[in-house]
Amino acid sequence: MPAIDDVMSSTRSRLSNVIAMVILFLMATGAVMVFSASANLGHEFDLRRFYDFPGLRQILFFPLAVAVLFLASLPDYRTWDLRSRWYKCPTVWLLVMAVGLLVTVLVAGTEVYGARRWLRLPLGPASVSFQPSELAKWTMIFFLAGVCARIGPDIRRYWTRFLPLCLVVGLVCGLVVIEDFGTAAFIGLMSFTILAIAGVRWWHVLTLLPVGLTGLVVALFQSEHRMKRLEAFFHPDRMGDSVAYQANQSLIAIGSGGLWGKGIGQGTCKYGHLPEDTTDFIFAIIGEELGLIGTIGIIALFVLFVFLGLAVVMRCRNRFGRLLAAGIVLAIGIQAAINIGVVTVVMPTKGIPLPFVSAGGTSMLLSAAAVGVLLNIAAKSQPGDLLARPDNSVD
(Lines give C-alpha, C1' and ligand atoms only; values in the text may rest on other atoms or scores of the structure.)
Protein backbone atom coordinates (compact mmCIF):
# COMPACT_ATOMS: atom_id res chain seq x y z
CA MET A 1 0.00 0.00 0.00
CA PRO A 2 2.76 2.57 0.74
CA ALA A 3 4.09 2.01 -2.77
CA ILE A 4 0.63 2.69 -4.25
CA ASP A 5 0.31 5.85 -2.14
CA ASP A 6 3.72 7.03 -3.35
CA VAL A 7 2.67 6.47 -6.97
CA MET A 8 -0.61 8.37 -6.45
CA SER A 9 1.23 11.23 -4.73
CA SER A 10 3.74 11.40 -7.58
CA THR A 11 0.90 11.44 -10.14
CA ARG A 12 -0.86 14.28 -8.34
CA SER A 13 2.38 16.24 -8.14
CA ARG A 14 3.05 15.79 -11.86
CA LEU A 15 -0.49 16.87 -12.73
CA SER A 16 -0.25 20.10 -10.73
CA ASN A 17 3.23 20.80 -12.15
CA VAL A 18 2.05 20.39 -15.74
CA ILE A 19 -0.92 22.72 -15.10
CA ALA A 20 1.44 25.30 -13.61
CA MET A 21 3.76 25.02 -16.62
CA VAL A 22 0.87 25.57 -19.04
CA ILE A 23 -0.23 28.70 -17.18
CA LEU A 24 3.31 30.05 -16.91
CA PHE A 25 3.80 29.57 -20.65
CA LEU A 26 0.55 31.45 -21.35
CA MET A 27 1.59 34.31 -19.07
CA ALA A 28 5.06 34.50 -20.61
CA THR A 29 3.57 34.55 -24.11
CA GLY A 30 1.16 37.25 -23.02
CA ALA A 31 3.97 39.41 -21.61
CA VAL A 32 5.95 39.16 -24.87
CA MET A 33 2.96 39.78 -27.15
CA VAL A 34 1.56 42.69 -25.11
CA PHE A 35 5.00 44.31 -25.13
CA SER A 36 5.11 43.89 -28.91
CA ALA A 37 1.54 45.13 -29.39
CA SER A 38 2.13 48.21 -27.24
CA ALA A 39 4.74 49.58 -29.65
CA ASN A 40 3.87 53.09 -30.76
CA LEU A 41 5.37 55.23 -33.49
CA GLY A 42 4.39 58.43 -31.71
CA HIS A 43 6.79 58.19 -28.76
CA GLU A 44 9.49 56.08 -27.22
CA PHE A 45 9.39 54.30 -23.90
CA ASP A 46 10.21 56.56 -20.96
CA LEU A 47 11.25 54.51 -17.94
CA ARG A 48 10.40 57.42 -15.67
CA ARG A 49 6.75 56.78 -16.62
CA PHE A 50 7.11 53.00 -16.49
CA TYR A 51 3.56 52.27 -15.35
CA ASP A 52 1.96 54.31 -18.14
CA PHE A 53 2.95 51.77 -20.81
CA PRO A 54 0.86 48.56 -21.16
CA GLY A 55 3.84 46.49 -22.27
CA LEU A 56 6.01 47.51 -19.33
CA ARG A 57 3.10 47.02 -16.93
CA GLN A 58 2.60 43.50 -18.21
CA ILE A 59 6.27 42.74 -17.63
CA LEU A 60 5.76 43.90 -14.06
CA PHE A 61 2.58 41.88 -13.56
CA PHE A 62 4.14 38.67 -14.90
CA PRO A 63 6.42 37.95 -11.90
CA LEU A 64 3.71 39.20 -9.53
CA ALA A 65 1.24 36.74 -11.05
CA VAL A 66 3.78 33.92 -10.71
CA ALA A 67 4.21 34.80 -7.01
CA VAL A 68 0.43 34.93 -6.52
CA LEU A 69 0.06 31.56 -8.27
CA PHE A 70 2.62 30.00 -5.93
CA LEU A 71 1.28 31.61 -2.73
CA ALA A 72 -2.35 30.71 -3.52
CA SER A 73 -1.36 27.07 -3.99
CA LEU A 74 0.02 26.78 -0.44
CA PRO A 75 -3.09 26.98 1.82
CA ASP A 76 -5.44 24.01 1.89
CA TYR A 77 -8.28 24.66 -0.58
CA ARG A 78 -10.78 23.71 2.16
CA THR A 79 -9.96 27.08 3.73
CA TRP A 80 -12.41 28.56 1.21
CA ASP A 81 -15.21 26.15 2.09
CA LEU A 82 -18.23 27.35 4.10
CA ARG A 83 -18.28 26.67 7.82
CA SER A 84 -21.07 26.29 10.34
CA ARG A 85 -20.20 29.81 11.54
CA TRP A 86 -20.47 31.88 8.38
CA TYR A 87 -18.62 34.86 9.84
CA LYS A 88 -15.44 32.75 9.97
CA CYS A 89 -15.55 31.98 6.25
CA PRO A 90 -13.27 34.18 4.07
CA THR A 91 -15.42 33.50 1.00
CA VAL A 92 -18.44 35.20 2.57
CA TRP A 93 -16.41 38.28 3.42
CA LEU A 94 -14.96 38.34 -0.08
CA LEU A 95 -18.50 38.36 -1.46
CA VAL A 96 -19.48 41.22 0.86
CA MET A 97 -16.36 43.15 -0.17
CA ALA A 98 -17.03 42.49 -3.87
CA VAL A 99 -20.59 43.82 -3.59
CA GLY A 100 -19.33 46.87 -1.72
CA LEU A 101 -16.70 47.57 -4.37
CA LEU A 102 -19.27 47.16 -7.15
CA VAL A 103 -21.41 49.83 -5.51
CA THR A 104 -18.36 52.04 -4.98
CA VAL A 105 -17.24 51.84 -8.61
CA LEU A 106 -20.70 52.91 -9.78
CA VAL A 107 -20.54 55.96 -7.53
CA ALA A 108 -16.89 56.96 -7.59
CA GLY A 109 -15.28 54.84 -10.28
CA THR A 110 -13.05 56.14 -13.06
CA GLU A 111 -14.83 56.49 -16.39
CA VAL A 112 -12.92 54.94 -19.30
CA TYR A 113 -14.46 54.78 -22.79
CA GLY A 114 -17.79 55.89 -21.33
CA ALA A 115 -18.02 53.13 -18.67
CA ARG A 116 -17.30 53.11 -14.95
CA ARG A 117 -15.56 49.77 -14.40
CA TRP A 118 -12.34 50.69 -12.61
CA LEU A 119 -11.29 52.10 -9.26
CA ARG A 120 -8.12 54.19 -9.27
CA LEU A 121 -5.82 53.54 -6.31
CA PRO A 122 -3.12 56.25 -6.03
CA LEU A 123 0.31 54.86 -5.15
CA GLY A 124 2.76 57.74 -5.12
CA PRO A 125 3.53 59.03 -8.62
CA ALA A 126 1.55 56.20 -10.24
CA SER A 127 -2.00 54.99 -9.85
CA VAL A 128 -3.15 51.39 -9.97
CA SER A 129 -6.54 50.53 -11.46
CA PHE A 130 -8.67 47.74 -10.03
CA GLN A 131 -11.72 46.15 -11.68
CA PRO A 132 -14.23 44.99 -9.03
CA SER A 133 -16.24 42.93 -11.54
CA GLU A 134 -13.26 40.55 -11.87
CA LEU A 135 -13.26 40.01 -8.11
CA ALA A 136 -17.03 39.50 -8.19
CA LYS A 137 -16.68 36.87 -10.93
CA TRP A 138 -14.25 34.71 -9.00
CA THR A 139 -15.94 35.29 -5.66
CA MET A 140 -19.26 34.01 -7.02
CA ILE A 141 -17.56 30.81 -8.23
CA PHE A 142 -15.99 30.18 -4.81
CA PHE A 143 -19.18 31.12 -2.95
CA LEU A 144 -21.53 28.96 -5.01
CA ALA A 145 -19.15 25.99 -4.86
CA GLY A 146 -19.07 26.30 -1.07
CA VAL A 147 -22.82 26.69 -0.66
CA CYS A 148 -23.67 23.85 -3.05
CA ALA A 149 -21.16 21.54 -1.37
CA ARG A 150 -22.54 22.33 2.07
CA ILE A 151 -26.25 21.93 1.37
CA GLY A 152 -25.73 18.89 -0.88
CA PRO A 153 -28.94 17.38 -2.30
CA ASP A 154 -30.96 20.18 -0.68
CA ILE A 155 -30.00 22.32 -3.68
CA ARG A 156 -33.11 20.79 -5.28
CA ARG A 157 -35.33 22.69 -2.87
CA TYR A 158 -36.71 25.52 -4.94
CA TRP A 159 -37.93 28.10 -2.42
CA THR A 160 -35.44 27.64 0.41
CA ARG A 161 -32.22 26.85 -1.48
CA PHE A 162 -32.26 27.46 -5.22
CA LEU A 163 -34.19 30.74 -5.29
CA PRO A 164 -32.15 32.49 -2.52
CA LEU A 165 -28.94 31.61 -4.38
CA CYS A 166 -30.41 33.02 -7.58
CA LEU A 167 -31.20 36.26 -5.74
CA VAL A 168 -27.53 36.56 -4.74
CA VAL A 169 -26.48 35.91 -8.34
CA GLY A 170 -29.05 38.44 -9.55
CA LEU A 171 -27.75 41.09 -7.13
CA VAL A 172 -24.16 40.72 -8.32
CA CYS A 173 -25.10 40.54 -12.01
CA GLY A 174 -27.43 43.53 -11.61
CA LEU A 175 -24.62 45.68 -10.19
CA VAL A 176 -22.18 44.59 -12.90
CA VAL A 177 -24.53 44.86 -15.90
CA ILE A 178 -25.03 48.59 -15.38
CA GLU A 179 -21.57 49.24 -16.84
CA ASP A 180 -20.34 45.85 -18.11
CA PHE A 181 -22.84 43.69 -19.97
CA GLY A 182 -20.33 41.02 -21.05
CA THR A 183 -18.94 40.31 -17.58
CA ALA A 184 -22.43 40.26 -16.07
CA ALA A 185 -23.58 37.71 -18.64
CA PHE A 186 -20.46 35.65 -17.99
CA ILE A 187 -21.05 35.68 -14.21
CA GLY A 188 -24.63 34.55 -14.77
CA LEU A 189 -23.51 31.79 -17.15
CA MET A 190 -20.87 30.48 -14.74
CA SER A 191 -23.23 30.66 -11.77
CA PHE A 192 -25.90 28.54 -13.40
CA THR A 193 -23.23 26.17 -14.74
CA ILE A 194 -22.05 25.49 -11.19
CA LEU A 195 -25.64 25.09 -9.99
CA ALA A 196 -26.27 22.61 -12.81
CA ILE A 197 -23.14 20.62 -11.91
CA ALA A 198 -24.26 20.62 -8.27
CA GLY A 199 -27.49 18.88 -9.26
CA VAL A 200 -30.17 21.58 -9.45
CA ARG A 201 -33.36 20.53 -11.21
CA TRP A 202 -33.53 21.75 -14.80
CA TRP A 203 -37.13 22.90 -14.50
CA HIS A 204 -36.04 25.20 -11.68
CA VAL A 205 -33.66 26.91 -14.10
CA LEU A 206 -36.38 27.10 -16.75
CA THR A 207 -38.67 29.01 -14.37
CA LEU A 208 -36.10 31.82 -14.31
CA LEU A 209 -35.65 31.87 -18.08
CA PRO A 210 -38.34 34.53 -18.71
CA VAL A 211 -36.77 36.76 -16.05
CA GLY A 212 -33.30 36.28 -17.53
CA LEU A 213 -34.46 36.98 -21.08
CA THR A 214 -36.31 40.09 -19.94
CA GLY A 215 -33.21 41.37 -18.16
CA LEU A 216 -31.13 40.62 -21.26
CA VAL A 217 -33.45 42.57 -23.54
CA VAL A 218 -33.68 45.51 -21.12
CA ALA A 219 -29.88 45.63 -20.74
CA LEU A 220 -29.47 45.63 -24.53
CA PHE A 221 -32.07 48.30 -25.25
CA GLN A 222 -30.92 50.65 -22.51
CA SER A 223 -27.57 51.05 -24.27
CA GLU A 224 -27.45 52.34 -27.82
CA HIS A 225 -23.86 51.17 -28.17
CA ARG A 226 -24.80 47.58 -27.30
CA MET A 227 -27.52 47.59 -29.93
CA LYS A 228 -25.11 48.96 -32.53
CA ARG A 229 -22.60 46.21 -31.71
CA LEU A 230 -25.28 43.59 -32.18
CA GLU A 231 -26.37 45.15 -35.47
CA ALA A 232 -22.75 45.36 -36.63
CA PHE A 233 -22.31 41.65 -35.96
CA PHE A 234 -25.23 40.69 -38.19
CA HIS A 235 -24.58 43.42 -40.79
CA PRO A 236 -20.83 44.20 -40.73
CA ASP A 237 -20.94 45.78 -44.20
CA ARG A 238 -23.16 48.61 -42.96
CA MET A 239 -20.83 49.78 -40.16
CA GLY A 240 -17.38 48.97 -41.51
CA ASP A 241 -16.12 52.48 -40.67
CA SER A 242 -17.63 52.67 -37.17
CA VAL A 243 -18.82 49.94 -34.84
CA ALA A 244 -17.66 47.05 -37.03
CA TYR A 245 -14.26 48.65 -37.68
CA GLN A 246 -12.50 46.82 -34.84
CA ALA A 247 -13.86 43.42 -35.85
CA ASN A 248 -12.87 43.98 -39.49
CA GLN A 249 -9.36 45.07 -38.51
CA SER A 250 -9.07 41.98 -36.32
CA LEU A 251 -9.77 39.72 -39.30
CA ILE A 252 -7.27 41.68 -41.42
CA ALA A 253 -4.59 41.24 -38.76
CA ILE A 254 -5.19 37.50 -38.43
CA GLY A 255 -5.39 36.98 -42.21
CA SER A 256 -2.23 38.96 -42.92
CA GLY A 257 -0.21 36.70 -40.64
CA GLY A 258 -0.58 33.69 -42.90
CA LEU A 259 0.80 30.37 -41.73
CA TRP A 260 4.00 31.44 -39.94
CA GLY A 261 3.28 35.10 -39.20
CA LYS A 262 5.32 38.23 -39.84
CA GLY A 263 7.54 37.69 -36.80
CA ILE A 264 7.42 39.09 -33.27
CA GLY A 265 7.49 42.87 -33.42
CA GLN A 266 6.97 42.95 -37.20
CA GLY A 267 3.21 43.42 -37.22
CA THR A 268 1.71 46.66 -38.51
CA CYS A 269 -1.92 46.54 -37.39
CA LYS A 270 -0.88 47.60 -33.88
CA TYR A 271 0.18 51.00 -35.19
CA GLY A 272 -3.20 52.64 -34.74
CA HIS A 273 -5.19 50.29 -36.97
CA LEU A 274 -6.54 47.84 -34.36
CA PRO A 275 -8.07 49.33 -31.18
CA GLU A 276 -7.61 47.40 -27.92
CA ASP A 277 -4.73 45.48 -29.44
CA THR A 278 -3.06 44.85 -26.07
CA THR A 279 -6.23 43.82 -24.22
CA ASP A 280 -9.32 42.18 -25.73
CA PHE A 281 -7.82 41.77 -29.22
CA ILE A 282 -4.33 40.54 -28.37
CA PHE A 283 -5.20 37.24 -30.10
CA ALA A 284 -5.37 39.13 -33.42
CA ILE A 285 -1.82 40.44 -32.89
CA ILE A 286 -0.71 36.88 -32.14
CA GLY A 287 -2.28 35.80 -35.41
CA GLU A 288 -0.51 38.55 -37.34
CA GLU A 289 2.96 38.09 -35.81
CA LEU A 290 2.97 34.34 -35.07
CA GLY A 291 0.58 33.22 -37.79
CA LEU A 292 -1.78 30.27 -37.81
CA ILE A 293 0.83 28.17 -35.99
CA GLY A 294 0.90 30.66 -33.11
CA THR A 295 -2.87 30.89 -32.76
CA ILE A 296 -3.22 27.09 -32.85
CA GLY A 297 -0.52 26.90 -30.19
CA ILE A 298 -2.42 29.26 -27.88
CA ILE A 299 -5.68 27.36 -28.43
CA ALA A 300 -3.87 24.07 -27.79
CA LEU A 301 -2.56 25.39 -24.45
CA PHE A 302 -6.07 26.31 -23.31
CA VAL A 303 -7.42 22.94 -24.47
CA LEU A 304 -4.62 21.20 -22.56
CA PHE A 305 -5.40 23.26 -19.46
CA VAL A 306 -9.09 22.31 -19.62
CA PHE A 307 -8.20 18.63 -20.15
CA LEU A 308 -5.80 18.62 -17.17
CA GLY A 309 -8.26 20.59 -15.07
CA LEU A 310 -11.04 18.10 -15.74
CA ALA A 311 -8.61 15.36 -14.70
CA VAL A 312 -8.30 17.16 -11.36
CA VAL A 313 -12.09 17.28 -11.09
CA MET A 314 -12.39 13.55 -11.73
CA ARG A 315 -9.63 12.65 -9.26
CA CYS A 316 -10.95 14.81 -6.42
CA ARG A 317 -13.34 13.01 -4.05
CA ASN A 318 -14.27 16.03 -1.97
CA ARG A 319 -17.54 17.61 -3.13
CA PHE A 320 -16.39 21.18 -2.54
CA GLY A 321 -13.07 20.50 -4.27
CA ARG A 322 -14.80 19.03 -7.32
CA LEU A 323 -17.26 21.91 -7.67
CA LEU A 324 -14.57 24.54 -7.15
CA ALA A 325 -12.13 22.90 -9.56
CA ALA A 326 -14.87 22.58 -12.19
CA GLY A 327 -15.78 26.24 -11.75
CA ILE A 328 -12.17 27.43 -12.10
CA VAL A 329 -11.44 25.28 -15.14
CA LEU A 330 -14.67 26.13 -16.95
CA ALA A 331 -14.37 29.85 -16.16
CA ILE A 332 -10.95 30.09 -17.79
CA GLY A 333 -11.82 27.76 -20.66
CA ILE A 334 -15.13 29.44 -21.51
CA GLN A 335 -13.63 32.92 -21.19
CA ALA A 336 -10.84 31.98 -23.58
CA ALA A 337 -13.37 30.52 -26.04
CA ILE A 338 -15.50 33.69 -25.88
CA ASN A 339 -12.51 35.98 -26.43
CA ILE A 340 -11.24 33.96 -29.39
CA GLY A 341 -14.78 33.84 -30.78
CA VAL A 342 -15.04 37.63 -30.56
CA VAL A 343 -11.63 38.23 -32.15
CA THR A 344 -12.45 35.88 -35.03
CA VAL A 345 -15.89 37.54 -35.37
CA VAL A 346 -17.74 34.34 -34.56
CA MET A 347 -19.45 36.25 -31.73
CA PRO A 348 -20.45 39.90 -31.23
CA THR A 349 -17.79 42.20 -29.80
CA LYS A 350 -17.65 42.17 -25.99
CA GLY A 351 -15.03 43.23 -23.47
CA ILE A 352 -13.86 39.77 -22.38
CA PRO A 353 -10.04 39.47 -22.11
CA LEU A 354 -8.00 36.40 -23.05
CA PRO A 355 -6.96 34.87 -19.69
CA PHE A 356 -3.26 35.25 -18.81
CA VAL A 357 -2.49 36.71 -22.24
CA SER A 358 -4.37 40.02 -22.49
CA ALA A 359 -2.99 43.07 -20.71
CA GLY A 360 -4.66 43.73 -17.39
CA GLY A 361 -3.37 43.32 -13.87
CA THR A 362 -6.66 42.61 -12.11
CA SER A 363 -7.60 39.77 -14.45
CA MET A 364 -4.15 38.18 -14.46
CA LEU A 365 -3.56 38.31 -10.70
CA LEU A 366 -7.02 37.04 -9.73
CA SER A 367 -6.94 34.31 -12.39
CA ALA A 368 -3.48 33.28 -11.16
CA ALA A 369 -4.82 33.07 -7.61
CA ALA A 370 -7.72 30.88 -8.78
CA VAL A 371 -5.37 28.53 -10.64
CA GLY A 372 -3.19 28.41 -7.52
CA VAL A 373 -6.18 27.04 -5.62
CA LEU A 374 -6.70 24.54 -8.44
CA LEU A 375 -3.09 23.38 -8.02
CA ASN A 376 -3.75 22.82 -4.32
CA ILE A 377 -6.84 20.77 -5.15
CA ALA A 378 -4.74 18.65 -7.50
CA ALA A 379 -2.06 18.16 -4.84
CA LYS A 380 -4.45 17.47 -1.94
CA SER A 381 -6.93 15.19 -3.68
CA GLN A 382 -6.71 11.66 -2.34
CA PRO A 383 -8.58 8.51 -3.38
CA GLY A 384 -9.81 8.08 0.17
CA ASP A 385 -11.52 11.46 0.45
CA LEU A 386 -15.25 11.46 1.04
CA LEU A 387 -17.62 13.03 -1.48
CA ALA A 388 -18.59 15.44 1.24
CA ARG A 389 -16.91 16.23 4.51
CA PRO A 390 -18.85 15.54 7.74
CA ASP A 391 -19.23 19.27 8.40
CA ASN A 392 -20.88 19.75 4.98
CA SER A 393 -24.21 18.85 6.53
CA VAL A 394 -26.66 21.67 7.14
CA ASP A 395 -26.84 22.82 10.75
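All figures in this text were calculated on a predicted structure; none of them were measured in a lab. We count residues from 1, following the sequence as given.
Between Ala136 and Leu102, the shortest heavy-atom contact is CB-CD1, 3.9 Å. Taking every heavy atom of both residues into account, Gly351 and Asp280 meet most closely at CA-OD2, 3.3 Å. The two residues Val312 and Ala378 have their closest heavy-atom pair at CG2-CB, 3.7 Å. Across all non-hydrogen atoms, the minimal contact from Ser129 to Arg120 is CB-NH1, 3.7 Å. Counting all heavy atoms, side chain and backbone alike, Ser358 lies closest to Ile282 at OG-CG2, 3.4 Å. The shortest heavy-atom contact between Ala247 and Val345 is O-CG2, 3.7 Å.
In this structure, Trp80 and Phe142 have perpendicular ring planes: the angle between them is above 60°, well past the 30° mark.
Between the Asp76 side chain and the Thr79 main chain, no donor and acceptor come within less than 3.5 Å of each other. One N or O on the side chain of Asn376 and one on the backbone of Pro75 form a donor-acceptor pair closer than 3.5 Å. Of the possible donor and acceptor atoms, one in the side chain of Arg117 sits under 3.5 Å from a partner among the backbone N and O of Glu179.
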Could you go through Ser256 and Lys262, starting from their C-alpha distance and side-chain angles, then the distance that decides it, and tell me whether this counts as side chain to side chain contact (heavy atoms under 4.5 Å, CB included)?
CA-CA 8 Å; Ser256 64; Lys262 299 177 179 178; 3.7 Å; yes
Begin from the C-alpha positions of Leu290 and Met33 and carry the test side chain to side chain contact (heavy atoms under 4.5 Å, CB included) through to its verdict.
CA-CA 10 Å; Leu290 299 183; Met33 296 310 303; 4.0 Å; yes
Test side chain to side chain contact (heavy atoms under 4.5 Å, CB included) applied to Ile197 and Leu330, step by step
CA-CA 11 Å; Ile197 296 173; Leu330 291 177; 3.8 Å; yes
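Rounding to the nearest 0.5 Å gives a distance of 14.0 Å between CD1 of Ile377 and CZ of Arg315. If you take OG1 on Thr349 and CD on Glu276, they are separated by 11.0 Å, rounding to the nearest 0.5 Å. Note that CG of Leu64 is 12.5 Å distant from CD1 of Ile59, once rounded to the nearest 0.5 Å. Considering CD1 of Ile352 and CD1 of Ile334, their distance stands at 11.5 Å, rounded to 0.5 Å. With rounding to the nearest 0.5 angstrom, the CZ atom of Arg229 is 11.0 Å from the CZ atom of Phe181. Going from atom CG of Leu144 over to atom CE of Met190 covers 9.5 Å, rounded to the nearest 0.5 Å.
Listed by first then second residue, pairs satisfying side-chain hydrogen bond (donor to acceptor under 3.5 Å, both in side chains) with a partner in residues 289-311 read Ser36-Glu289, Lys270-Glu289, not counting sequence neighbours.
Side-chain contact between Phe35 and Ile264: absent, with no pair of heavy atoms (C-beta onward) separated by less than 4.5 Å. Contact check for Arg322 versus Met314: side-chain heavy atoms found under the 4.5 Å cut-off. In this structure, the side chains of Cys316 and Tyr77 come closer than 4.5 Å at one or more pairs of heavy atoms. At a threshold of 4.5 Å between non-hydrogen side-chain atoms, the residues Val342 and Phe283 do not count as touching. At a threshold of 4.5 Å between non-hydrogen side-chain atoms, the residues Gln266 and Glu288 do not count as touching.
Of the residues Val200, Leu195, Ile194, the one that meets the side-chain contact (heavy atoms from CB on, under 4.5 Å) test with Leu165 is Leu195.
With sequence neighbours left out, the side-chain contact (heavy atoms from CB on, under 4.5 Å) criterion links Ala336 to Phe302, Leu354, Pro355.
Grouping the Ile, Leu, Val, Met, Phe, Trp and Tyr side chains by contacts below 4.5 angstrom, directly or via other members, places Ile296 apart from Ile285. Trp159 and Val169 fall within a single hydrophobic cluster, where Ile, Leu, Val, Met, Phe, Trp and Tyr side chains are chained together by heavy-atom contacts under 4.5 Å.
Under 4.0 Å is where a charged nitrogen must lie from a carboxylate oxygen, and between Asp81 and Arg78 no such pair does.
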